[in-house]
Amino acid sequence: MIDKSFVSAEAAVADITDGAAVMIGGFGTAGMPEELIDALIARGVRDLTIINNNAGNGESGVAALIREGRVRKIICSFPRQSDSHHFDAAFRAGKIELELVPQGNLAARIQAAGAGLGAIFTPTGYGTLLAEGKETREIDGVHYVFEHPICADFALIKAQRGDRWGNLVYRKTARNFGPIMAMAAKITIAQVTEIVPLGEIDPEVVVTPGIFVQRVVAIAPSATNLEQAA
Amino acid sequence: MIDKSFVSAEAAVADITDGAAVMIGGFGTAGMPEELIDALIARGVRDLTIINNNAGNGESGVAALIREGRVRKIICSFPRQSDSHHFDAAFRAGKIELELVPQGNLAARIQAAGAGLGAIFTPTGYGTLLAEGKETREIDGVHYVFEHPICADFALIKAQRGDRWGNLVYRKTARNFGPIMAMAAKITIAQVTEIVPLGEIDPEVVVTPGIFVQRVVAIAPSATNLEQAA
Amino acid sequence: MNRLTRDQMAARVARDIPEGAYVNLGIGLPTKVGNYLPQERDIFLQSENGLLGMGPAPAPGKEDWELINAGKQAVTLLTGGCFFHHADSFAMMRAGHIDICVLGAFQVSTRGDLANWHTGEPGAIPAVGGAMDLAIGAKQTFVMMELLTKQGESKLVEACTYPLTGLACVGRAYTDLAVFDVGADGARVVEAVEGLSIDELRVLTGVPLAA
Amino acid sequence: MNRLTRDQMAARVARDIPEGAYVNLGIGLPTKVGNYLPQERDIFLQSENGLLGMGPAPAPGKEDWELINAGKQAVTLLTGGCFFHHADSFAMMRAGHIDICVLGAFQVSTRGDLANWHTGEPGAIPAVGGAMDLAIGAKQTFVMMELLTKQGESKLVEACTYPLTGLACVGRAYTDLAVFDVGADGARVVEAVEGLSIDELRVLTGVPLAA
């Protein structure tokens, strides 16, 4: 019997090592797998490459990972925010490398990795600083930039419900990058509010099929989250 | 008030003209929008380019379109089947052009069109007849073939339920090409078993958001279909 | 000269959004446009983080922080709206499925180049988000901005001096003093606030303006 | 010499599929493998037309023609299975999410090239379906075939003469007479039916074979 559920966040991230490339779901805090990130911080690993839309908000999640000095490089679209002070400080101190990627290119490059493409020609960024030095091509009168897929060793994502085969459904806009990151990483670890019996998720509404998910951990929503979601 | 529902299949396809590129959903007969195709045949338009996984089965749907001599070119992955006699005859008589595309490239090229990519490097077909004369590139030790997106003027697809904003859900493996064709065509016309009031489809389970669908037609399942699905 | 307030600018943009349009409103000033869309029109607001059919802000205390917009503010979902993942969301933008996007701007050129993501100042931390995707992907890109900086320099320029967001992507710029069409044929004044002549606009902006 | 029947070949392949594997079974002979997977193992059958967790054929009269496999036969869905669209389905195959695919073959070369989609004969109408995607995308590609054609020619060859499906993609070939590993190091005999020696296999196939 295949059961992908893990007893704890700590157990689920126990083989993430120094230097790993880790995708982290979420758009701001919506969909951010906070407890998985906490467990990753507790492991003490360093020199991570993090792929996330942002570069942390406030004190938790990706921000905490940066604050603790664990991130060598971040690939993201929107690092600078009113509460991105840990990233800002690390960036200004030269302690973190930034690869700034337009959000749609970020999504498309992650999706390309999950779909096994070798590269894509993307319309976004042509003629801008973010395409400087990159190969371009005109196709049917439109200019495109050559971009590689973004792969990762691990993806840490947050979903609403999961089952022992790894099938996932999400909640509202917390879905965001979860489904495509799950497809692009070698090992996808999903924290879910609830692990339900097999078959309880309607086969028509599964958003992430279990093939894309290697580990599932049930994490009850924290008091803070409940308050936020109230 | 926006209401994308059309009173009949005939009304929904009334502006498809000679020479149009038309994507048609379905894998064999599952998900094939038979009544929309019948309405297209009744319009008498010719020289169509059809994009479908197959080249027709038996006497209905895509097979009927070919039988009636309406198809100038078909882009598909699996034309030859035990019941593809209308395609076989037209092909042998030189009356229809065939662009044979590996099924995964077909899906990827349709998805690329829907996502606005200029081109993709795909792993499938490298070193085979189907990549002859095509640009290739080695990326990280793997060989890829350069492929263009497949766009269309219209997509005719079949879904299970729809609403007046064009949101769709599908049924079992009749889903197949529907969601990606809806994204790739300029005008997507969906025949559905039932048009339901707005809000009746759970926002979490919508498979094709209404932005990708311009017209919805309710077609009660025919006696034949009911028998098949019984 | 009746300079438009930011809310008046938003109301002006809203007037140009037809029933049935799929619209993405950028962070900041463009978000205000949502407040002026007439209730009786079905207009579909898309948010890059994966929702279509975005409704107004919830009542205070009713926020759901898993139902947010691109600016990470709590929003609601209209009946008939839906959720989807990021690749599908950006497919909507990048392949021209979105009819209109409305963006803020540092500068817009008379040919429609846009600069709105980065001041290029030394030490400034850049952030681009979805701006580049929206600018080049929507069927029509509208810009909303004050016409002049606090220093009195025109943001409508012959060539952008800030780093570009996209080339030749803006079709129309709504400002507090006038509305301009921009593009391959240069800039044209669509309308100006009462009491402001085209010649005065030419002086203020320093760029060629057709009537 | 006990030539394996087609069902025995299917049973032999099934023995090599471990618990937890994601597996795609090609049309024709490979489909039979499904009949020999032990019920007590969780093995996930994927079908290219958009389902994972494919179950056995339904009872006669219970067919649902919107629940079919790649061969357009009626199937069932296991509890825990799910449906998805074609791009997601082929992403599973093309990016190595599928652990094992099992395909039929006209020819396999000792280095693992596969020919299984087209005889190349004049007048033959080609059809490729998902074969090329599966061949190169799965983590491991297995082939099932009779070792010899009806004319006694080996289908295990030094270089395929039929049009290729994929280059260097097959890892193992299951035949009615022997099982071979193929790849960069050439062909190796994993096992042969009772009474058949490696030297006899060398004669039958005419290709170099390691023990």
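Reminder, nothing fancy here: chain letters follow the sequence lines and each chain counts from 1.
- Residue Y170(A) does not touch chain C at all, counting heavy-atom pairs closer than 4.5 Å.
- Put simply, of G31(A), A55(A), P79(A), G127(A), the one with the most heavy-atom pairs under 4.5 Å next to chain C is P79(A).
- Within the 4.5 angstrom heavy-atom criterion, only backbone atoms of V101(A) (N, CA, C, O) approach chain C.
- There is no contact between D113(C) and chain A, counting heavy-atom distances below 4.5 Å.
- Residue F90(C) touches chain A through its side chain alone, counting heavy-atom pairs closer than 4.5 Å.
- V128(C) and P102(A) get closest at one heavy-atom pair: CG1-CA, 3.7 Å.
- Within a 6.0 Å radius of NZ in K95(A), other residues, nucleotides and ligands contribute 12 heavy atoms or fewer.
- In terms of heavy-atom proximity, I125(C) sits nearest to F91(A) at CG1-CD2, 3.7 Å.
- By the salt bridge (Lys or Arg N to Asp or Glu O under 4.0 Å) test, R92(A) pairs with no residue at all, sequence neighbours left out.
- Annotation: side chain of V207(A) is not in contact with side chain of F83(C) (no heavy-atom distance under 4.5 Å).
- At a threshold of 4.5 Å between non-hydrogen side-chain atoms, the residues E66(C) and K158(A) count as touching.
- Looking only at heavy-atom pairs under 4.5 Å with chain C, the residue among L100(A), N54(A), I110(A) that has the most is L100(A).
- The contact between N105(A) and chain C is made by backbone and side chain atoms together, counting heavy-atom distances below 4.5 Å.
- You'll find the ring centres of H86(C) and F27(A) inside the 6.0 Å limit.
- Atom NZ of residue K72(C) and atom OG of residue S82(A) lie 9.0 Å apart, to the nearest 0.5 angstrom.
- For the pair D64(C) and R171(A), the salt-bridge criterion is met [side-chain N within less than 4.0 Å of a carboxylate O].
- Put simply, the side chain of T173(A) never gets that close to the backbone of N49(C): no donor and acceptor are under 3.5 Å apart.
- How far CD1 of I68(C) is from NZ of K172(A): 12.0 Å, rounded to the nearest 0.5 Å.
- The candidate from D88(A), L98(A), V142(A) with the greatest count of non-hydrogen atom pairs under 4.5 Å with chain C is D88(A).
- Contacts with chain A (heavy atom to heavy atom, under 4.5 Å) involve these residues of residues 129-141 of chain C, listed by number: G129(C), G130(C), M132(C), D133(C), I136(C).
- T165(C) places none of its side-chain heavy atoms less than 4.5 Å from the side chain of T128(A).
- Of all non-hydrogen atoms in P123(A) and R94(C), the two that sit nearest each other are CD-NH2, 4.0 Å.
- When G50(C), S47(C), A70(C), A91(C) are compared by the number of non-hydrogen pairs under 4.5 Å with chain A, A70(C) comes out ahead.
- Chain A forms the most heavy-atom pairs under 4.5 Å with one residue out of P126(C), C169(C), G166(C), P163(C), and that residue is P126(C).
- Within the 4.5 Å cutoff, the side chain of H85(C) has no heavy atoms near those of the N176(A) side chain.
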